[in-house]
Amino acid sequence: MTVVHRRFDVLVIGAGGGGLRAALQLASQEARVAVVSKVFPTRSHTVAAQGGVNAALANVTPDNWQWHLYDTVKGSDWLGDQDAIEYMCRTAAERVIELEHYGVPFSRLDDGRIYQRPFGGQSQHFGGAQAARTCAAADRTGHAILHTLYQQNIRCRTTFFDEYFALDLIQDEEGHVLGAVTLEIATGDVVVIEARATLLATGGAGQLYRTNTNARINTGDGLAMALRAGLPLQDMEFFQFHPTGIAGKGMLISEAVRGEGGYLVNGDGERFMSRYAPKAHDLASRDVVSRAIYTEVQEGRGCGTERDHVQLHISHLGEAAIAERLPGIREMCQTFLGIDPAASPIPVYPTAHYMMGGIPTSRDARVVVPAGSGEEAVPGLWAAGECACVSVHGANRLGGNSLLDIIVFGRAAADDIERWLQEAPYHRPLPEAAVARSLQRLEALEQDDDGERPAELRKAIQATMEQYCGVFRTEAKLQEGLAQVQALAQRSLKLRLSDRSRIFNIERIEALETQNLAALACATVASALARTESRGAHSRVDHPERDDAQWLRHTLYFHQPARLEYKPVKLRPLTAEPIPPVERIY
Amino acid sequence: MRFSIYRYQPESGDAPSMQPFELAVRPGMMLREALLALRDTDPTLAFRHSCGEGVCGSDAMNVNGRNVLACTTPVDGLKEPVQIRPLPGMPVVRDLIVDMEPFFRQYRAIQPYLQVNDPLPESEQRQSPTERQRLDGLYECILCGCCSTACPSFWWNPDKFLGPAALLQAWRFLADSRDQGREARLDFLEGPFRLFRCHSIMNCVEVCPKGLNPTRTIGLIRQMMLREMG
Ligand SMILES: Cc1cc2nc3c(=O)[nH]c(=O)nc-3n(C[C@H](O)[C@H](O)[C@H](O)COP(=O)(O)OP(=O)(O)OC[C@H]3O[C@@H](n4cnc5c(N)ncnc54)[C@H](O)[C@@H]3O)c2cc1C
Ligand code: SF4
Ligand code: SF4
Ligand code: FES
């Protein structure tokens, strides 16, 4: 096997919004930056984000970052760290304005300022009237942001390694991260990329579930790399199910549809959300709306001949508004459902969407591990975006806060890395054995003649997660689920490739991804089993109440051997008044 | 349903060939799903794909002679056997996977980023809804390559003629009220090849899966050139 070595100041793994925001900052400061991505950058999943990015610009309704902070803490069901949330909400306006300066084609108000729309969980005056905080480029905001960031990286001459698959982090005996081992997909060559600082920005793992809104590439590779390096994952039991995926298919119908005035209707023609959220109605937070839809369908009030979904109505907005504000949604409905939402309602059902958990980081995006009574940073390693857990989303993410998360903490990572590069001006020597583990994993794949096909095992993982670790969870189901995913993880170590080619071997990539998914399935189910309360997206039928006395704390999952630890939630913002936990009503 | 799919595996030493496949398709099935089902029977069949909803631009390919995204192409109504080939005119890496570098090189060449020389305001640069509307039909491009690889002028001169996708993006920035790079952009587009190799054959418009119209923008660039450069 050919092994090539390359050296950079900074290695960014992932070319979604998080990775590209960081890379842009560093490259414009003259650092030598390598960005590795398993797909061409603009194919990254950020491109699919529709509705928008939150910032209290107050362009449409009165607004300020303190209200945004309050909404985010409440949305998180108090599991979010209030210091990180304050940091995000306070810097939001500056970060979004920066995007506009880079060229993002935001929709505009008549006076030329950025258009903002209402989204779920947004309020004025700490729980009062609905706010309009989500800055939008029609319903293609992620596309607009990702392409713009890529374009600006072209300007700054960032070095791109397109279609390279990251296998493992490289660490020396003292725990310093020195880069990563990657595989060039087109040639099958192993490329070792050394760097003084490494940023994981590999995105989420929606592929854990069979029906999901995520791209095929969202297999949580960076999280599994962290687990293999002995690092923990935080709050993995919190997985968001978006209320409005296209029923039976999974493609996302953005919350922007409800933000623009769309509403949900059950089989009896009733606007049922008013029963579940008397004030916010259809714009309650996502966990609340998803559970409401499940309940309606479970109790026989679904729509259609199978009564297995509900309907989302927007035709009353009128053709012109739909064409201007929701053209992408309309196109998707026409392509995949053969209907025009300007004329007929959209059949929707909750769908796996977003991973609140991830690699634990500090506010400056450094990866942190427990040490003594506190925590310490892993030298040379940062994480940002959906793969990280700072934690700003806690037990439930608000719509529009993830695009914000990636640009705020992508930038924060870059700023911190810049400081680090001053302090650590040299590359540390690469330990001989650093690459061996990855090579072994690749060799094993070449050699096994029995074992399962990667595609089959991936399907088994997805079906198991859906059945045992979906929206409503119980001890018995999770117990059974844990036994199953652990067995699947074992089986994932022995996979059989029908394709032994070096050149663009997709099956090999799928095998590596499946191993990663299997590890994350274990992390998710084990964390969910232990948490005997209901909070945000984690809904335990056998423990229906939130239990702050015991569970106002973050889960940390370690792999091989599997074990759980906990750490306290940060309940004090940096400067604002703390927002103490109360019952969560929308 | 019967398929005939282009297979090429450079390590094998064999020449490219068309391989027959058969699949029981479901109503409403998209071509990408059909290809994935075929991969279950033959995991060596290689093609790119990701989002499954027509926004990432990964799975452009040539189907019955026409460039499409597999994920937004229903199999119903496709003439059998469905002939699936890699995008025309591009170096084939393997099976349906082509080397897109000639396409991306032309994209990078037009300096596809907003250029502002004036000091930036503290808040957003203002842009009226009408000015913003000029970017509609331009910024939505997903860089799939369907258009440029359907363009005869691009086939003959992939290194000299920018091709419809890159030209559409050139106009995206020329049309942006915030951009101040107009003069240099137009200078770059001068000459017999980069822009003027377009013979308005319109293949590009016909195939764009996002319904964009590169031919129109090429015309608009020409008009702007005449106006501004005399
Ligand atoms: C359909 C949809 C709509 C959404 N809409 C919104 C919205 O309106 N507002 C909002 O705030 N949020 C939205 N979200 C969420 C938000 O888009 C994502 O959380 C966010 O874009 C993630 O960005 P990221 O940079 O962390 O990762 P991604 O954009 O997923 O990028 C991950 C990158 O890592 C690379 N990578 C991964 N593994 C490897 C590997 N092993 N080797 C090399 N490279 C690798 C990938 O190639 C990719 O470049 C939406 C999500 C979905 C699914
Ligand atoms: S109109 Fe111009 S760019 Fe489009 S296909 Fe024809 S020659 Fe190519
Ligand atoms: S203009 Fe259309 S066909 Fe051409 S690259 Fe863009 S989206 Fe694809
Ligand atoms: S898979 Fe993304 S465009 Fe088809």
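We name chains A, B, ... by the order of the sequence lines, and we start the count at 1 in each one.
Here R216(A) does not pair with D59(B) in a salt bridge; the nearest charged N to carboxylate O distance is not below 4.0 Å.
Within the 4.5 angstrom heavy-atom criterion, no atom of Y115(A) approaches chain B. Of the two parts of D136(B), neither the backbone nor the side chain holds a non-hydrogen atom closer than 4.5 Å to a non-hydrogen atom of chain A. The part of E163(A) that comes within reach of chain B is its side chain, from C-beta onward, which places non-hydrogen atoms under 4.5 angstrom from that chain. At a 4.5 Å heavy-atom cutoff, the contact between R502(A) and chain B is made by backbone and side-chain atoms alike. Contact annotation for L497(A): neither backbone nor side-chain heavy atoms come within less than 4.5 Å of a heavy atom of chain B. Both the backbone and the side chain of F504(A) come within less than 4.5 Å of a heavy atom in chain B. In this structure, the portion of L252(A) lying under 4.5 Å from any heavy atom of chain B is its backbone and not its side chain. Q50(A) touches chain B through its side chain: at least one heavy atom from C-beta onward sits under 4.5 Å away, while N, CA, C and O do not. Both the backbone and the side chain of D111(A) come within contact range of chain B, each with at least one heavy atom under 4.5 Å from a heavy atom of that chain. Only the side chain of E510(A) comes within less than 4.5 Å of a heavy atom in chain B; its backbone stays farther off. Looking at K459(A), the atoms closer than 4.5 Å to chain B (heavy atoms on both sides) all sit in the side chain, from C-beta outward. When heavy atoms are compared at a cutoff of 4.5 Å, E140(B) approaches chain A by way of both its backbone and its side chain. Neither the backbone nor the side chain of E456(A) comes within less than 4.5 Å of any heavy atom in chain B. Heavy atoms closer than 4.5 Å to chain B are found in both the backbone and the side chain of A48(A). Both the backbone and the side chain of M251(A) come within contact range of chain B, with heavy atoms under 4.5 Å apart. For L143(B), the parts sitting under 4.5 Å from any heavy atom of chain A are the backbone and the side chain alike.
Around atom CD of E183(B), no more than 12 heavy atoms belonging to other residues, nucleotides or ligands sit under 6.0 Å away. Summarising the local packing, CZ of R108(B) is surrounded by more than 12 heavy atoms from other residues, nucleotides or ligands at distances under 6.0 Å. Counting heavy atoms of neighbouring residues, nucleotides and ligands inside a 6.0 Å radius, atom CZ of R85(B) does not exceed 12 of them.
Closest non-hydrogen pair, I217(A) versus S50(B), comes out as CG1-OG, 3.4 Å. When all heavy atoms are compared, the tightest approach of T44(B) to S498(A) is CG2-O, 3.9 Å. Minimum interatomic distance between Y139(B) and A138(A) (heavy atoms only, all atoms of both residues): OH-CB, 3.8 Å. In terms of heavy-atom proximity, R94(B) sits nearest to N505(A) at NH1-CA, 3.8 Å. What you find for R132(B) and P105(A) is that their closest heavy atoms are NE-O, 2.9 Å. Counting all heavy atoms, side chain and backbone alike, F47(B) lies closest to I506(A) at O-CD1, 3.1 Å.
Ranked by heavy-atom pairs under 4.5 Å with chain A, the list G28(B), A46(B), G57(B) is led by G57(B). When each of E122(B), R48(B), H49(B) is scored by its heavy-atom pairs under 4.5 Å with chain A, the top score falls to R48(B). Comparing H147(A), E507(A), M332(A), R155(A) by heavy-atom pairs within less than 4.5 Å of chain B, the highest count is held by R155(A). When the candidates T42(A), I114(A), N153(A) are compared by the number of heavy-atom contacts under 4.5 Å with chain B, I114(A) comes out ahead. Chosen from D179(B), L45(B), T72(B), the residue pairing most often with chain A at heavy-atom distances under 4.5 Å is T72(B). Interface summary for chain B: among E324(A), R113(A), Q152(A), the most heavy-atom pairs under 4.5 angstrom belong to R113(A). Ranked by heavy-atom pairs under 4.5 Å with chain A, the first of L36(B), V55(B), D95(B) is V55(B). Among S123(B), S128(B), C51(B), the residue making the largest number of heavy-atom pairs under 4.5 Å with chain A is S123(B).
Looking at heavy atoms from C-beta onward, R178(B) lies in side-chain contact with E100(A) at the 4.5 angstrom threshold. For the pair K210(B)/E331(A), a side-chain contact is recorded, criterion being any heavy-atom separation below 4.5 Å from C-beta on. Side-chain contact between M30(B) and F336(A): present, with at least one pair of heavy atoms (C-beta onward) separated by less than 4.5 Å. Side-chain contact check for E53(B) versus K249(A): every heavy-atom pair is 4.5 Å or farther apart. Side-chain contact between H101(A) and V116(B): absent, with no pair of heavy atoms (C-beta onward) separated by less than 4.5 Å.
Atom OG of residue S58(B) and atom CZ of residue F40(A) lie 10.5 Å apart, to the nearest 0.5 angstrom. Atom CD1 of residue I97(A) and atom CD of residue Q125(B) lie 9.5 Å apart, to the nearest 0.5 angstrom. One distance of note links CG of L120(B) with CD of E98(A); it measures 10.5 Å at 0.5 Å rounding.
Contacts between residues 6-20 of chain B and chain A, counted as heavy-atom pairs separated by less than 4.5 Å, involve Q9(B), P10(B), E11(B).
Under the side chain to side chain contact (heavy atoms under 4.5 Å, CB included) test applied with I142(B), the options R140(A), H143(A), R43(A) reduce to a single match, H143(A).
Between Y150(A) and Y107(B), the angle of the ring planes stays under 30°, which puts this pair in the parallel group of the 30/60° scheme.
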